[in-house]
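Worksheet for the structure shown next.
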Amino acid sequence: VALPPALTELGGEAFAGSGLGAGNAVVDLSGSGVERVGDRFMRSCQSLTMVKLPEALQCAGNEFLMECPKLVSVEVPRKLTRLGDDAFANTGFTMMDLSAAALVEVGRGFLSGCPALATAMLPASLQTLNLAQNHFTGPVDLTRLPASLTAMDISQNALTGGEVDDGVHDDSCGMIA
């Protein structure tokens, strides 16, 4: 996919359910100038295995790359500061390394429902980790929490009983959905 370098935002549902990645199963957006993507970006791309995100990306909305069951690799840009609710949920990741990103906040449902997930490495910059309504399907190593963490919500986590997501989400990047 070739996006214009001057493009800085992609609205809600960009490429969602599009079949993007079919054929070579790899999508490279690294050359674009996109800084923000709205809710449901590339959600439900069934064939997608790898994504190279724009280096300029700072904020990813809710349900970012959610329900991409074959997705096992993503190049996360260093400038990324916010991941919305349900980011990477129901994907094929075995390990997620966000340690090089400038993440400050991660929304609820992060990496939820990933049956093969064993490890999630978080950046030292992380201040808010919202694991509320996470439903990890296996043992996930989150023991190395960054010292910068000032808020962590584990309410309604699968480890404490779990709840069904109510489906009500705000656009986390301040964009029109």
Side-chain angles (χ1 to χ4, degrees), residues 1 15-30 37 39-55 57 59-126 128-149 152-154 156-165 172:
V1 175
F15 308 116
S18 66
L20 198 60
N24 72 2
V26 175
V27 173
D28 185 352
L29 302 172
S30 60
V37 294
D39 292 349
R40 294 171 290 287
F41 175 76
M42 294 181 77
R43 179 180 173 168
S44 300
C45 290
Q46 301 299 310
S47 300
L48 192 63
T49 60
M50 179 182 182
V51 177
K52 294 180 182 179
L53 296 169
E55 280 300 316
L57 188 64
C59 185
N62 298 322
E63 301 176 14
F64 177 72
L65 292 167
M66 179 181 176
E67 295 177 354
C68 299
K70 295 180 181 178
L71 183 62
V72 295
S73 179
V74 64
E75 290 185 13
V76 178
R78 295 186 188 280
K79 293 182 179 182
L80 186 65
T81 60
R82 172 120 186 22
L83 283 172
D85 295 345
D86 301 312
F88 307 114
N90 303 313
T91 55
F93 285 101
T94 57
M95 190 268 296
M96 171 61 71
D97 184 359
L98 298 171
S99 60
L103 275 172
V104 175
E105 183 178 356
V106 173
R108 70 177 182 211
F110 167 66
L111 288 168
S112 185
C114 298
L117 184 67
T119 304
M121 293 185 287
L122 303 171
S125 58
L126 192 64
T128 302
L129 178 61
N130 187 343
L131 294 178
Q133 298 184 3
N134 271 60
H135 300 279
F136 293 124
T137 53
V140 177
D141 180 5
L142 287 172
T143 56
R144 293 180 207 105
L145 296 174
S148 59
L149 199 63
M152 184 170 166
D153 182 356
I154 59 169
Q156 300 177 343
N157 194 292
L159 300 174
T160 59
E163 292 286 327
V164 176
D165 190 345
S172 60

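None of the values given here were measured: they were computed from a predicted structure. These values consider heavy atoms only, across backbone and side chains, with no hydrogens, waters or symmetry-generated copies.
Not counting sequence neighbours, E55 has no partner by the side chain to side chain donor-acceptor pair (under 3.5 Å) test. Contacts of S99 classified as side chain to side chain donor-acceptor pair (under 3.5 Å), with partners at least two apart in sequence or in another chain: D97. Not counting sequence neighbours, V72 has no partner by the side chain to side chain contact (heavy atoms under 4.5 Å, CB included) test.
Separation of atoms NZ (K52) and OG (S73) is listed at 9.0 Å; rounding is to 0.5 Å. Atom CG of residue L65 and atom CG of residue L53 lie 6.5 Å apart, to the nearest 0.5 angstrom. In this structure, CE on M95 lies 11.5 Å from CG on L111, to the nearest 0.5 angstrom. Distance CG/L29 to CG/L57: 9.5 Å, rounded to 0.5 Å.
Counting only distance, with no hydrogens or angles, the side chain of D39 and the backbone of N62 share a donor-acceptor pair below 3.5 Å. No side-chain donor-acceptor contact under 3.5 Å links T49 to the backbone of K70.
Considering only heavy atoms from C-beta on, E105 stays 4.5 Å or farther from L103 through its side chain. Counting only heavy atoms from C-beta outward, the side chains of L129 and L122 approach each other to under 4.5 Å. The side-chain heavy atoms of M42 and L48, taken from C-beta on, include a pair separated by under 4.5 Å. Counting only heavy atoms from C-beta outward, the side chains of D85 and E63 never approach each other to under 4.5 Å. Between T91 and L117 there is no side-chain heavy-atom pair separated by less than 4.5 Å.
The aromatic rings of F88 and F64 stand perpendicular to each other, their planes meeting at an angle above 60°, with 30° marking the opposite boundary.
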